Every structure is written in C-alpha cells, then in structure tokens.
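Count residues from 1 along the sequence. Keep in mind it's a predicted model, so treat the numbers as computed, not measured.
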Amino acid sequence: MPKFSALRMAGSEIIRTMGALLVIILVGSQILDAGAVMTGGCRTFCGNITVDYPFGIEQGCGHPKYRDLVYCINNVMMFHVISGSYEVVNIDYGFKVLDIFDPKMSTCASMHKSDGFFLEEARARYLQPTPDNAFMLLGCSKASPLFEGFPDKHLPCRNVTGMGCDAFYDCPSWVGFGKKSRATRPPPCCGIPYSSIGSLNLSRLQCYSYSTVYNPAPIKVANPREWSYGIQLSYALPEDSDFCRSCKASKGVCGYDVVKENNLCLCDGWNSTTSCDTGKPSAGATYNYRPELLSLLFAGMLLLITAI
C-alpha cells in the first residue's frame, strides 16, 4: 500500500508538471506570436468581402470612428447600427459605397413586417444612403407623419431614380396585402428619397414595412423582380486618413489604440504612432504583447514551481 500510494503521488506530480509545462509552451508561443496576432490579425477578408480601412472586424483594426460597425460571423459580414443588423453584400473602396441587405425588408417576392433603417447621430455624419436608393414605405396609416400637412394632391410619394411603387405594385408580394392602387388615400406604397425624411423609423412613421432598391449599373432595370434590393450607403473617410496612407506606404496595417482610440500603425510585432519606416521600435512605439497571456504564463510558472 505505501508503495502504491507513493507511485500515485509521483504520477500526480508528473501530471501537474506536464500540465504546467504545456501551459508555458502554449502561452509562450502565443506571446512570441503576439505581433502576428495584431498585424496579421487584422483580417483582410470576411467570406468574399474585402476588409480594408476604414473598416475593421477586430478591435484595434481600421479607424476608431468605424469601431463595432462591421462583424464577421460564420464568414458573413454583418453591419450593425441602432436600427438592427444587416448583411454586407459588397464594399466598393474606390467609390466609397457599402451595399447592405435587411432580411426583414419586403421584396418583390415576399412581404415582411419591418423595423426600418436609421443611424445613430454620430454615425450619420459619415454614413448616408446614396441618392440612387429608392425607398418605398408600405402600409402606412393615415395618421403617419409622412402624410400630415399634405393635401392628397401634394403627397410627397413619387418614383426615385426611375424605380418605385408603380412597378412594385405588380410584384407577387402584393397578393393578399390589400388594395394596390395608387389612387387609394393614403397610398399603400409611398416612394420617397431618404433625404426627405432623414430616418426610416417605421414605428415613428406608423408604417407596416418598407422596401428599398438601388441601381448598381447605369442601365435602368424596369422589372421589379430584377431590381437590386438593399441599401447602398456612401461613407466618408475620416479627416486624419493621411496617417493611414503613410502607414500603408511603410507596409504597415492601419489600426488604433483600443483604450485611447488614437491612430496606430501596426508593424511587424510592434505598433507605431507614426509609421513602420522608423525601422525599429522607438519611444513612439509599443509592443503588441497581450497582458492576459503574460498572466497565464505567470500562472503556469507557479504551477511548475509547486509541482517540483
């Protein structure tokens, strides 16, 4: 029995020692690779969508004004604002436009009760739907602010960029939705530019749903079944974008300090407040080591000491 007990204790010590060594090896490798985590960790793709400045899907990547705006979930990029989450269909960095789709939005194929689309005041300063969007408000009540103050003959409803309710009334989604004549007052569908209302809060507007389309090509598409359903947003580059251009020119990745939210150039294992052209870390640079990994390493070393 004493011999068995001694063997069991020895085996337990060996397991603890091996466990501690494993923690040290794994955490140590993460610390050595911390620069790659921060620099390479600024992912350049989410599914088939390119991720570039000013957007970022990890903390510390992109520009701080665009923080927590886009996420990558199961290789699908999502755009999140106060009114909800929307799938990102495309980002055109040359024209600075972002195409998103609302799964709750009504289309030619189906009708859905929706919440609408609206932005936080701070985000609205640099994100806005483009003039090429045709917004159609569906099933709005007579008491809607959309119609108050407008005699029937002066309703603001109209086609936008050649697309609107006149064609949308022919969609299968109108079956069973009620009257589909524009002569009805108020009309069951009201086409309007986003700039006329500034916010598509359907609860405030007392509307059942909405649909919006945009024209991705110069050729107008007449058939509503073939329209591009979704919202096209234009975005503005931040005023301090020159910093990012200098950073990219030095083969760095544009990012920011997650606490102070000041610009950082993510270099090979270190961060610079200027660019990677300094050649080595200096007073204006910080290492990318992560404090939580250092804490785990310390815990592993304590385990090893107590196991010896």
Side-chain angles (χ1 to χ4, degrees), residues 26-82 84-94 96-101 119-120 122-123 125-127 233 235-276 278 281 284-297:
L26 290 175
V27 175
S29 67
Q30 288 292 312
I31 289 175
L32 290 175
D33 194 43
V37 168
M38 286 299 293
T39 305
C42 288
R43 291 174 55 180
T44 55
F45 281 93
C46 175
N48 64 344
I49 305 294
T50 301
V51 185
D52 201 354
Y53 184 86
F55 302 102
I57 53 179
E58 285 87 17
Q59 291 294 313
C61 301
H63 193 277
K65 281 187 177 180
Y66 286 78
R67 183 177 187 171
D68 299 331
L69 184 65
V70 292
Y71 297 88
C72 192
I73 303 172
N74 297 326
N75 277 329
V76 176
M77 184 181 281
M78 300 299 293
F79 173 92
H80 184 76
V81 288
I82 191 172
S85 294
Y86 310 83
E87 182 181 346
V88 178
V89 179
N90 181 58
I91 303 177
D92 189 321
Y93 292 95
K96 299 182 183 61
V97 294
L98 175 82
D99 301 335
I100 61 175
F101 178 75
L119 300 160
E120 299 90 333
R123 297 234 191 253
R125 295 180 189 133
Y126 54 87
L127 278 168
L233 299 164
Y235 66 88
L237 288 176
E239 306 79 23
D240 51 2
S241 294
D242 287 343
F243 177 91
C244 185
R245 280 190 281 271
S246 299
C247 176
K248 282 186 172 181
S250 68
K251 301 190 185 314
V253 177
C254 305
Y256 60 91
D257 186 305
V258 295
V259 177
K260 299 177 182 177
E261 294 201 340
N262 58 289
N263 288 314
L264 287 178
C265 189
L266 309 183
C267 306
D268 186 15
W270 54 285
N271 299 335
S272 174
T273 54
T274 53
S275 73
C276 302
T278 53
T286 56
Y287 286 95
N288 289 327
Y289 297 154
R290 292 154 59 184
E292 68 271 20
L293 294 181
L294 291 172
S295 300
L296 285 173
L297 179 60

Find out whether [X] and [Y] are in side-chain contact, i.e. whether some heavy atom of one side chain is under 4.5 Å from a heavy atom of the other.
| X | Y | result |
| --- | --- | --- |
| Phe243 | Pro238 | no |
| Cys244 | Asn263 | no |
| Gln59 | Tyr256 | yes |

**OP:** Please assess Thr273 against Leu264 for the test side chain to side chain contact (heavy atoms under 4.5 Å, CB included), listing each intermediate value before the final yes or no.
**Re:** CA-CA 5 Å; Thr273 54; Leu264 287 178; 3.9 Å; yes

Please name all residues satisfying side chain to side chain contact (heavy atoms under 4.5 Å, CB included) with [X], sequence neighbours left out, ordered by chain then number.
| X | value |
| --- | --- |
| Ile73 | Tyr71, Met78 |
| Ser250 | Cys265, Ser275, Cys276, Asp277 |
| Cys72 | Arg43, Cys46, Ile57, Asn75 |

Exercise. Can the SG atoms of Cys61 and Cys254 be said to lie under 2.5 Å from each other?
Worked result: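 Their SG atoms do not fall under 2.5 Å; no disulfide, then.
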
- Query: Which of these passes side chain to side chain contact (heavy atoms under 4.5 Å, CB included) with Leu69: His63, His80, Arg123?
  - Reply: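 That would be Arg123.
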
Worksheet item: Among all residues two or more places apart in sequence or in another chain, which pass the side-chain hydrogen bond (donor to acceptor under 3.5 Å, both in side chains) test with Asp242?
Response: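 By the side-chain hydrogen bond (donor to acceptor under 3.5 Å, both in side chains) rule, Asp242 matches Arg245.
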
Cut-off 3.5 Å, no hydrogens considered: what does the side-chain donor-acceptor table look like for residues 86-93, sequence neighbours left out?
{"residue": "Tyr86", "atom": "OH", "partner": "Ser83", "partner atom": "OG", "Å": "2.5"}
{"residue": "Tyr86", "atom": "OH", "partner": "Gly116", "partner atom": "O", "Å": "3.0"}
{"residue": "Asp92", "atom": "OD1", "partner": "Gly94", "partner atom": "N", "Å": "3.0"}
{"residue": "Asp92", "atom": "OD1", "partner": "Phe95", "partner atom": "N", "Å": "3.0"}
{"residue": "Tyr93", "atom": "OH", "partner": "Thr50", "partner atom": "O", "Å": "2.6"}
{"residue": "Tyr93", "atom": "OH", "partner": "Asp52", "partner atom": "N", "Å": "2.9"}

*What residues form a ring pair (Phe, Tyr, Trp, His ring centres under 6.0 Å) with Tyr66, not counting sequence neighbours?*
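If we apply the ring pair (Phe, Tyr, Trp, His ring centres under 6.0 Å) test to Tyr66, skipping adjacent residues, the hits are Phe55, Tyr126.
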
- Would you mind listing every salt bridge (Lys or Arg N to Asp or Glu O under 4.0 Å) that reaches into residues 64-80, with sequence neighbours excluded?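 Qualifying pairs, neighbours excluded: Lys65-Glu239, Arg67-Glu261.
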
